[in-house]
Amino acid sequence: MKKIKVLFVCLGNICRSPAGQGALQKLVNDSELDHIFEIDSCGTAGYHIGALPDPRTRKVAQRAGIQLTHHARKFNPSTDFEDFDYILAMDDSNFESILSLAWEPWQKEKVTMFRRFDDQQKDGLNVPDPYYGTIKDFELVQEIVTRTSKGFLNFLKSKGILT
Ligand code: 4NP
């Protein structure tokens, strides 16, 4: 079976996108669907290349039973458009940055706002950037990415992509 390849994208790849990657990975592991998925994350900026997620991101994920071991990397337009089926942007700035790197319609079609799949979304489509915030902001990110990852799996099921 062809794998479903998902790439989470934020700015620095140390807060929101690794949190999303970890939340979706946990859900697919718990449902024994991990052989079907390939899940990765990256940033539109290169400030933190090689770094582990922010300690606050890791702490909050750890409490949810998730060990984050990803090392930050930057989006690579020459391979990532090809390699992934779903490129999920955490906010509209990340969305615009990735779209501006796409040169073909098939590339643009892969890019979507992650929170389109949030069934309780009522405060816009952005996952708020917690970097300059407090632990509460990181807890909110964890809550959003967990709920939205469930919504993303439900979307795949509703389309018959995941059975
Ligand atoms: P992220 O958060 O995009 O969710 O990883 C940020 C991380 C780092 C910075 C900004 C946002 N920064 O300016 O270094």
Side-chain angles (χ1 to χ4, degrees), residues 4-29 37-102 107-153 155:
I4 301 169
K5 298 181 181 177
V6 184
L7 181 64
F8 287 86
V9 187
C10 63
L11 176 64
N13 193 209
I14 55 167
C15 301
R16 294 163 294 172
S17 62
Q21 175 184 2
L24 183 62
Q25 189 68 60
K26 179 170 178 14
L27 287 174
V28 306
N29 290 353
F37 282 86
E38 191 174 303
I39 306 166
D40 195 5
S41 66
C42 67
T44 58
Y47 317 133
H48 300 280
I49 289 173
L52 279 172
D54 185 284
R56 298 163 294 178
T57 306
R58 279 186 281 150
K59 183 174 179 174
V60 168
Q62 182 80 55
R63 283 193 215 137
I66 300 165
Q67 192 87 29
L68 297 179
T69 56
H70 176 76
H71 290 266
R73 72 171 181 91
K74 195 174 173 188
F75 182 79
N76 182 345
S78 45
T79 52
D80 287 331
F81 284 122
E82 184 96 40
D83 289 348
F84 290 92
D85 305 307
Y86 297 93
I87 298 174
L88 303 176
M90 299 308 247
D91 70 23
D92 46 19
S93 163
N94 315 142
F95 180 78
E96 291 302 330
S97 298
I98 298 296
L99 274 194
S100 73
L101 297 168
Q107 296 171 321
K108 293 190 197 266
E109 282 161 18
K110 291 185 176 190
V111 189
T112 191
M113 291 290 283
F114 176 52
R115 282 192 85 183
R116 267 190 47 211
F117 306 107
D118 182 355
D119 58 12
Q120 287 175 45
Q121 177 273 325
K122 49 187 177 294
D123 51 355
L125 285 180
N126 292 335
V127 180
D129 183 348
Y131 188 64
Y132 294 105
T134 68
I135 196 76
K136 286 229 168 306
D137 300 295
F138 285 81
E139 286 164 357
L140 176 63
V141 168
Q142 185 64 40
E143 190 185 309
I144 292 171
V145 298
T146 302
R147 187 174 69 230
T148 307
S149 291
K150 286 179 190 159
F152 179 62
L153 291 179
F155 161 80

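Side chains are part of it too, since the values below use all heavy atoms of this structure and drop only hydrogens, waters and symmetry mates. Whatever order the structure lists them in is the order used to number ligands and atoms, beginning at 1. Treat the numbers as computed from the prediction; the structure is a model and nothing was measured. One-based numbering along the sequence shown.
With salt bridges taken as basic N to acidic carboxylate O contacts below 4.0 Å, one links R115 and D123.
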Compile the donor-acceptor pairs under 3.5 Å between side chains in residues 59-69 and protein atoms, sequence neighbours left out, one pair per line.
residue : atom : partner : partner atom : Å
R63     : NH1  : E139    : OE2          : 3.0

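Taking the six-membered ring where the residue is Trp, F152 and Y86 present perpendicular rings, their angle passing 60° and hence far from 30°.
Partners of F81 under the ring-ring contact (aromatic ring centres under 6.0 Å, His included) rule, at least two apart in sequence or in another chain, are F75.
The 4.0 Å heavy-atom shell around ligand 1 contains residues C10, L11, G12, N13, I14, C15, R16, Y47, H48, D129, Y131, Y132, ordered by chain and number.
Listed by first and then second residue, the side-chain hydrogen bond (donor to acceptor under 3.5 Å, both in side chains) pairs that reach into residues 46-55 are D54-R56, sequence neighbours excluded.
T134 and D137 form a side-chain donor-acceptor contact under 3.5 Å, judged by distance and modelled atom types alone.
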